[in-house]
Amino acid sequence: FSGVARVPVVVHVVWNTAAQNVSDAQIASQIDVLNADFRATNPDVSTVPGPFQPLVADSRIEFFLATTGPDGAPTDGVTRTQTATVAFTDDDAVKADATGGADAWPADRYLNVWVCPLDGFLGYAQFPGGPADTDGVVITTTGFGTTGTATPPFDLGRTATHEIGHYLDLFHIWGDDGTGCSGTDEVADTPNQGGPNFGAPGFPTVSCSNGPDGDLFVNYMDYVDDAAMVMFTHGQAARMEACLDAVRPTLFS
Ligand code: ARG
Ligand code: ZN
Ligand code: CA
């Protein structure tokens, strides 16, 4: 695509306790974070260490709550479902009415985001090319948006940024080979990195002989706290843009 790709989103709120039925304002806060992070207008991008600043990229991808539903009727882009399930796992049960969740909207036209209580993890995504009825991302209620149920240190909406990175074909920045140096994220401008970083690392954090600058731990595809992940690279942006063009061509306008 040229210019900007705008992606319609449906948020399926699946709640067990009333507090988990997150507000429209909390949903709006998440959409705002996505638009800032994917366009590199997030103010905290200024925390990127100097040597890494040339890598910061605007992915030219934006998100908005769907205004037309699958049946053509106006919608606010949110579905709300009460469930008997106390906490979901990554088995996709949240993605169907029949298993205590909410059915996906057509994945060729909507990015499906499920928000639900997850059993001890922040979220998960389906990579491009998978089955339509489970396509999208799942975010735990306490890691969604920046208000309401969002809980530190995962209360800046970055779990959705990370998971949508996967949904648009990005791998973890350390290459998913444990702490070894042979894995790759298939992106040329990210430094080779041993394993995931956690918390809020100091600069430089060196692994796999990647000094003097070391790991790009400020990247959304690492495992650091929300406040520490603040950027995609040009290579990652190109990979996400290519995914939209090649695999998800009807998703955006
Ligand atoms: N562990 C999750 C995954 O691999 C998400 C990690 C998100 N990190 C964060 N700081 N929000 O998909
Ligand atoms: Zn991940
Ligand atoms: Ca790399």
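Whatever order the structure lists ligands and atoms in, that order sets their numbers, starting from 1. Remember, it's a predicted structure, so these values are computed and weren't measured experimentally.
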If you have a sec, work out which protein heavy atom is nearest [atom] and how many Å separate them, to one decimal?
atom	answer
atom 7 (C) of ligand 1	Leu122 CD1, 3.8 Å
atom 10 (N) of ligand 1	Val224 O, 2.6 Å
atom 5 (C) of ligand 1	Glu163 OE2, 3.2 Å
atom 9 (C) of ligand 1	Asp226 OD1, 3.3 Å
atom 4 (O) of ligand 1	Tyr223 OH, 2.5 Å

**Message:** Hydrophobic clustering (ILVMFWY, side-chain heavy atoms < 4.5 Å, transitive) - are Leu118 and Phe154 grouped together?
**Reply:**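 No, no single cluster joins them.
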Indicate whether any N or O donor in one side chain lies under 3.5 Å from an N or O acceptor in the other, for [X] and [Y].
X	Y	result
Thr89	Asp119	no
Tyr124	Asp92	yes
Gln26	Thr149	yes

**Asked** Hey, is there an N, O or S on Asn192 sitting under 3.0 Å from the Ca ion (ligand 3)?
**Response**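 So Asn192 does not bind the Ca ion (ligand 3) by this criterion.
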**Item:** Under 3.0 Å: N/O/S of Glu186 next to the Ca ion (ligand 3)
**Value:**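 False for Glu186.
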**Thr190 OG1 and Val187 O subtending at the Ca ion (ligand 3) (10° steps)** =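 Computed angle, vertex at the Ca ion (ligand 3), rounded to 10 degrees: 70°.
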**Prompt:** Which protein atoms of type N, O or S are found under 2.8 Å from the Zn ion (ligand 2)?
**Reply:**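 Metal shell, protein only: His162 NE2, His166 NE2, His172 NE2.
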**Heavy atom of Phe154, distance to ligand 1 below 4.0 Å** =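 In this structure, Phe154 qualifies as a contact of ligand 1 - some heavy atom is under 4.0 Å.
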**Prompt:** Would you say Gly123 contacts ligand 1, with heavy atoms under 4.0 Å as the rule?
**Reply:**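 In this structure, Gly123 qualifies as a contact of ligand 1 - some heavy atom is under 4.0 Å.
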**Nitrogen or oxygen of His172 less than 3.5 angstrom from that of ligand 1** =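 Such a contact does occur with ligand 1.
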**Asked** Is the closest N or O pair between Arg158 and ligand 1 shorter than 3.5 Å?
**Response**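 Among all N and O atoms of Arg158, none is under 3.5 Å from an N or O of ligand 1.
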Would you mind checking if [Y] and [X] are paired as a salt bridge, meaning a charged N to carboxylate O distance below 4.0 Å?
X	Y	result
Arg248	Asp169	no
Arg60	Glu241	yes
Arg158	Asp44	yes

**Of all pairs that satisfy ring-ring contact (aromatic ring centres under 6.0 Å, His included), the ones with a partner from residues 125-146, not counting sequence neighbours** =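 Residue pairs passing ring-ring contact (aromatic ring centres under 6.0 Å, His included), neighbours aside: Phe127-His166, Phe127-Phe171.
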**Full working for side-chain contact (heavy atoms from CB on, under 4.5 Å) between Arg39 and Val4** = CA-CA 10 Å; Arg39 297 303 313 270; Val4 172; 3.4 Å; yes
**Request:** Starting at CG of Asp222, measure out to CZ of Phe198 and round the result to the nearest 0.5 Å.
**Result:**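 One finds 8.0 Å between CG of Asp222 and CZ of Phe198.
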**Prompt:** Do Tyr223 and Trp174 have their ring centres less than 6.0 Å from each other?
**Reply:**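 Yes; Trp174 has its ring centre under 6.0 Å from that of Tyr223.
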